[in-house]
Amino acid sequence: MDDHLKTAAPASDSYYLAHAKVYPREIGGRFSRLRILAVWALLGLYYLLPWLNLHGRQAVLFNLRDRQFFIFDLVLWPQDFIFLTWLLILAALSLFFFTALAGRLWCAYACPQTVWTEAYLWMERITEGDRSARMKLDAAPWSADKLWRKGSKQVLWVVFSLWTGITFVGFFAPIRGLVNDAWHFGLSGWETFWTLFYGFATYGNAGLLREQVCKYMCPYARFQSAMFDKDTLIITYDAERGEPRGSRRKGAPKAQTGLGDCIDCTWCVQVCPVGIDIRKGLQYECIACAACIDACDQVMDRVGYARGLVRYTTQHALDHKQTHVVRPRVLIYGAILGALAVGFLVALWLRKPVALDVIRDRNALYRQLDDGRIENVYTLKIMNKSEHKRHYTVSVKGPGELRLNPEPARFEVAAGEVFPAVLRVRRSAFEPVGSETIEFTLQDDEDPAMKVTHNARFLAPSQ
Ligand code: SF4
Ligand code: SF4
């Protein structure tokens, strides 16, 4: 049996299969280039984003201590958590939509596990060599060369993990201060904990566990098959064309060999990062990375056969039936996703950097002053959602002549503060009106176009 297909035999009294280390072979090709591009783009975003500054502060910062979330120009406060919830729902729906449409695209190109595993594999390759060199090194007894290669890989992995950990914390606390503190061993307890925790998790998942995370830990791998149907794009081996497989003399005419197109070179198995054989059919372990497509295409080019023995296709296409890209579940996911995305953008567009809530004093219906005027008391909650201190003026209108006390009603509200302002509204002359609606208007003094209104009830004796 070839060494790449070996698995350790389970002990007779154990239900557990011992883990056989996977040594994925490096392969070039169009899908490999796409995956590397995704790795650069996503890891580039992750490591560089916290270093971007905007308006004199970190452009993307989820400041948990001050409960302010900065996403470029957008500043979100705890009152805006609906937007974050909305974003999470959009992300989940996108996953459903793209899975129904094109299978495990997420796993192949965007999942952090895939992306970081590529990076850790790259460090392994530059220190320990290609697939066969790594296998030989692991099998060899300890020597100075082995110690040097394994040691330098560990140094690279640990440094990269720590950088990953501190970058993660840098999304929640300003990264420049964080790196400066780390340099002077001045990180707080929580900062140290999360840096080490996230760094260690990345080291463990992408460096050591790798495909085992996808196979045994990832919940998505478990339920994604529920979103598959026979029109979902999958990566599969064309058994009809490939079988019976077998090696053959170079240039031997196919008709004489009696064999299918698969020359049984096992390249598709050797490049597989999860260590499966795509020729056995669709398996839940397959993360659809398309490395086996690149590998098989290269083999087909060499032997002069048409590409696509392993390819993206659908079960219906394999069964010689028509594939329907647009089908009810894709339409339903797409429609919900589109509606929620448009709603999200519109809500963001309409979002105002100030909010007003008005609560009527419930202790007294109304009060009649000595001069005959009727007074109602309100508490206004003014929320400054901008990132700077603002000044606001409150006015009121409604039936009759209404006056505010204090007047003018001007308030200074710090960034992110919910300011409670007690206001008295007085009707200048007694009128038996009962209950009426009045309207409070809050205007930003520095930006008069920025106004919000809120209605409230004004109570007076009915006769
Ligand atoms: S079977 Fe092919 S597509 Fe699936 S994980 Fe292995 S190499 Fe990637
Ligand atoms: S790479 Fe292609 S030809 Fe080689 S074993 Fe796999 S399917 Fe067969």
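A donor-acceptor contact shorter than 3.5 Å is absent between the side chain of K153 and the backbone of E128. With hydrogens and angles ignored, the 3.5 Å screen pairs no side-chain donor or acceptor of Q154 with any backbone N or O of G151. Looking only at distances, no side-chain donor or acceptor of D181 sits under 3.5 Å from a matching main-chain atom of F185. Here the side chain of N384 pairs a donor or acceptor atom with the backbone of A414 at under 3.5 angstrom. For the pair R367 (side chain) and A364 (backbone), a donor-acceptor distance under 3.5 Å is absent. Of the possible polar contacts, one joining the Q443 side chain to the P448 backbone as a donor-acceptor pair under 3.5 Å is found. No side-chain donor-acceptor contact under 3.5 Å links Q270 to the backbone of Y23. Side chain of D229 to main chain of D231: a donor-acceptor pair is present (N/O by atom type, distance under 3.5 Å, no hydrogens or angles).
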Mind running side chain to side chain donor-acceptor pair (under 3.5 Å) on Y46 and T164 for me, showing each step along the way? CA-CA 9 Å; Y46 176 79; T164 305; 5.8 Å; no
Assess the residue pair D297 and R30 against the criterion (salt bridge (Lys or Arg N to Asp or Glu O under 4.0 Å)); give the C-alpha distance rounded to whole Å, side-chain angles, the decisive distance to 0.1 Å, and a yes or no. CA-CA 10 Å; D297 279 352; R30 48 203 170 129; 3.1 Å; yes
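The closest side-chain donor-acceptor pair between R457 and T437 falls under 3.5 angstrom. Side-chain polar atoms of D319 and Q315 form a donor-acceptor pair below 3.5 angstrom. Residues E446 and H391 bring a donor and an acceptor atom of their side chains to less than 3.5 Å of each other. For the 3.5 Å distance criterion, the side chains of R327 and T232 qualify, holding a donor opposite an acceptor. Residues T314 and T323 bring a donor and an acceptor atom of their side chains to less than 3.5 Å of each other.
F344 is listed as a side-chain neighbour of L87, based on a closest heavy-atom distance under 4.5 Å. Side chains of V422 and Y378 form no contact here, defined as non-hydrogen atoms less than 4.5 Å apart. Taking 4.5 Å as the limit, some side-chain heavy atom of H184 sits within range of a side-chain heavy atom of N180. Side chains of R279 and V269 form a contact here, defined as non-hydrogen atoms less than 4.5 Å apart. Between D445 and E412 the shortest side-chain heavy-atom distance does not fall below 4.5 Å. Annotation: side chain of V418 is not in contact with side chain of I382 (no heavy-atom distance under 4.5 Å). At a threshold of 4.5 Å between non-hydrogen side-chain atoms, the residues L402 and R426 do not count as touching. T114 places none of its side-chain heavy atoms less than 4.5 Å from the side chain of C289.
By the 6.0 Å contact criterion, NZ on K389 is open, its count of non-hydrogen atoms from other residues, nucleotides or ligands being 12 or less. Crowding of Y312 atom OH: a count of heavy atoms from other residues, nucleotides or ligands under 6.0 Å exceeding 12. In this structure, K146 places its NZ atom where more than 12 heavy-atom neighbours from other residues, nucleotides or ligands lie under 6.0 Å away. More than 12 heavy atoms of other residues, nucleotides or ligands sit less than 6.0 Å from atom CH2 of W51. Within 6.0 Å of the OH atom in Y47, the count of heavy atoms belonging to other residues, nucleotides or ligands exceeds 12.
Of the candidates F81, W77, F172, F81 is the only one forming a ring pair (Phe, Tyr, Trp, His ring centres under 6.0 Å) with F69. Remark: of the listed residues T127, D138, D145, D138 is the sole one forming a side-chain hydrogen bond (donor to acceptor under 3.5 Å, both in side chains) with K150. Of the residues listed (R403, R424, R427), the one engaging E375 in a side chain to side chain contact (heavy atoms under 4.5 Å, CB included) is R424, and it is the only one. For the side-chain hydrogen bond (donor to acceptor under 3.5 Å, both in side chains) test with S161, the passing option among Y198, Y120, Y203 is Y120; the others fail.
For the atom pair CG (D357) and CG (L380), the distance works out to 8.5 Å, reported to the nearest 0.5 Å. Separation of atoms CZ (F458) and CG (N376) is listed at 4.5 Å; rounding is to 0.5 Å. Rounded to the nearest 0.5 angstrom, C272 SG and I287 CD1 are separated by 7.5 Å. Taken to the nearest 0.5 Å, the CG atom of L187 stands 5.5 Å off from the OG1 atom of T195.
The aromatic rings of W190 and F193 lie perpendicular to each other, with more than 60° between the two planes, well past the 30° mark. Ring orientation note: the planes of F168 and W194 are tilted relative to one another, at an angle of 30° to 60°.
Note on R351 versus D80: salt bridge recorded, some NZ/NE/NH1/NH2 to OD/OE distance being below 4.0 Å. Comment: R131 does not engage E26 in a salt bridge, judged by the lack of any side-chain N to carboxylate O separation of less than 4.0 angstrom. One finds a salt bridge joining R311 and D238 here, because a Lys/Arg side-chain nitrogen approaches an Asp/Glu carboxylate oxygen to under 4.0 Å. Between K215 and E285, no side-chain nitrogen of the basic residue sits less than 4.0 Å from a carboxylate oxygen of the acidic one, so the salt-bridge criterion is not met. Residues E439 and K397 are paired through a salt bridge, judged by an N-O separation under 4.0 Å between the basic side chain and the carboxylate.
Evaluation of the salt bridge (Lys or Arg N to Asp or Glu O under 4.0 Å) test over residues 50-79, restricted to residues two or more places apart or in two chains, returns R57-E387.
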